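Take a look at the structure set out below.
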Amino acid sequence: MCKPVDLNKCISFIKSGFLQKIDNASLSTMVRPTVTISRMTGSGGHTVAANLADYLRMTLPDRGEWAVFDRNLVEKILEEHHLHKRVGDFMKEGHKTMFTDVVEELVGLHPGGWTLLQKTNATILHLAQMGNVILVGRGACVVAAKARNALHVRLVGSLEKRIKWVERTCNVDAKAALQFIKKGDEGRRRYLKDNFDRDVDDPLLYHMVINTDIVSHEEAARMIGNELIRRFKLDRQVKATGSRQSAIQ
């Protein structure tokens, strides 16, 4: 079953001021990484993200909390930019025509699509810069493409296996699962194309592409976590910080 992400935990993570919990001696040397996860619908993106957060907490307990922002990213955007909650209904990854968006803006239903996109991207960049976050979807791999602390991952899988996953996790039949997958994949593809002129299936957008047909969600989380640790030398940083603190004491 897909592991739900606790929104209160994520908001608490932001309000706690993670950076303030790191001593000044460590601020200049410690990298606070970010992982972005792009996924085909039904490939287990939310589950992998939750498992990854757990793995990093257990493997690197001295590096503090890790927060996952996926479906709850909308709530964070609304909070950070003081937008009305009903605006969230217009912020899905799916596609709407420009005509529909313009009409809805004119009648006052919500801010313009371009305004919402800018606010969404600003929030994603803010979270990415804070680090110790896992961002699922919303073009985060493109928005944070130049962030030196980011690792970008794409999860893929066969249609057959993804249908079975959606059937189990959403408790629907194969027909409904197929419709759900087609709608999700098309929405995400057009979100990246319309807003960033990028192809979501372009492997050059990612550091890692993982096939969840042959790699379990738990194993995928470990693979991502281990690559994150290797790439940013996180285990060495923790040891070095501990040594400096001991010397000071």
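Quick caveat, the model's predicted, so the values are computed rather than measured.
For the atom pair NZ of Lys182 and CD1 of Ile163, the computed distance is 8.5 Å after rounding to the nearest 0.5 Å. To the nearest 0.5 Å, atoms OG1 (Thr59) and CD1 (Ile229) are separated by 5.0 Å. The distance from atom OG1 of Thr36 to atom CD1 of Ile124, rounded to the nearest 0.5 Å, is 9.5 Å. To the nearest 0.5 Å, atom OG1 of residue Thr47 and atom CZ of residue Arg39 are 11.0 Å apart. Here Arg190 contributes atom CZ and Asp185 contributes atom CG; the two are 13.5 Å apart, rounded to the nearest 0.5 Å. Between the CD1 atom of Ile224 and the CD1 atom of Ile210 there is a distance of 4.0 Å, given to the nearest 0.5 Å.
Annotation: side chain of Thr123 is in contact with side chain of Leu127 (closest heavy-atom distance under 4.5 Å). You'll find the side chain of Leu135 reaches within 4.5 Å of the side chain of Phe69, heavy atoms only. The shortest side-chain heavy-atom distance between Leu205 and Ser38 does not fall under the 4.5 Å cut-off. Using a 4.5 Å heavy-atom cutoff, the side chains of Arg63 and Arg32 are in contact. Considering only heavy atoms from C-beta on, Glu65 stays 4.5 Å or farther from Asn132 through its side chain. Here the side chains of Met208 and Leu151 are in contact, with some heavy-atom distance below 4.5 Å.
Looking at every heavy atom in both residues, Tyr55 comes nearest to Asn226 through OH-OD1, 2.6 Å. Scanning all heavy atoms of the two residues, the minimum distance from Ser158 to Asp213 falls at OG-OD2, 2.7 Å. When every heavy atom of Phe232 is checked against every heavy atom of Pro33, the shortest pair comes out as CD1-CB, 3.9 Å. Contact detail for Arg138 and Val143: the closest heavy-atom pair is O-CG2, 4.4 Å. Of all heavy-atom pairs spanning Leu155 and Gly45, the tightest one is CD1-CA, 3.6 Å. Here the closest non-hydrogen pair linking Ala140 and His152 is O-CE1, 4.4 Å.
Remark: Arg148 engages no residue in a salt bridge (charged side-chain N to carboxylate O under 4.0 Å, His left out) (not counting sequence neighbours).
Within 6.0 Å of atom CG in Asp173, more than 12 heavy atoms from other residues, nucleotides or ligands are found, so the atom counts as buried in its surroundings. By the 6.0 Å contact criterion, CZ on Phe180 is open, its count of non-hydrogen atoms from other residues, nucleotides or ligands being 12 or less.
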I'd like a table of donor-acceptor pairs (distance under 3.5 Å, sequence neighbours excluded) in which one partner is a side-chain atom from residues 196-204, with atom names and distances.
unit_1 : atom_1 : unit_2 : atom_2 : d
Asp197 : OD1    : Lys193 : NZ     : 3.0
Asp199 : OD1    : Asp201 : N      : 3.0
Asp201 : OD1    : Arg154 : NH2    : 2.8
Asp202 : OD1    : Leu204 : N      : 2.9

Report all side-chain donor-acceptor pairs from residues 214-223 shorter than 3.5 Å, counting only partners two or more places apart or in another chain.
unit_1 : atom_1 : unit_2 : atom_2 : d
Ser216 : OG     : Glu219 : N      : 3.0
His217 : NE2    : Ser43  : O      : 3.3

TODO: List the steps, then state whether side chain to side chain contact (heavy atoms under 4.5 Å, CB included) holds for Arg162 with Met40.
DONE: CA-CA 8 Å; Arg162 292 189 288 133; Met40 287 183 170; 3.5 Å; yes
Task: Candidate pair Val166 and Leu178, rule side chain to side chain contact (heavy atoms under 4.5 Å, CB included), full reasoning - done: CA-CA 8 Å; Val166 172; Leu178 177 59; over 6 Å; no
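The pair Lys164-Glu167 does not count as a salt bridge, with every side-chain nitrogen at least 4.0 angstrom from each carboxylate oxygen.
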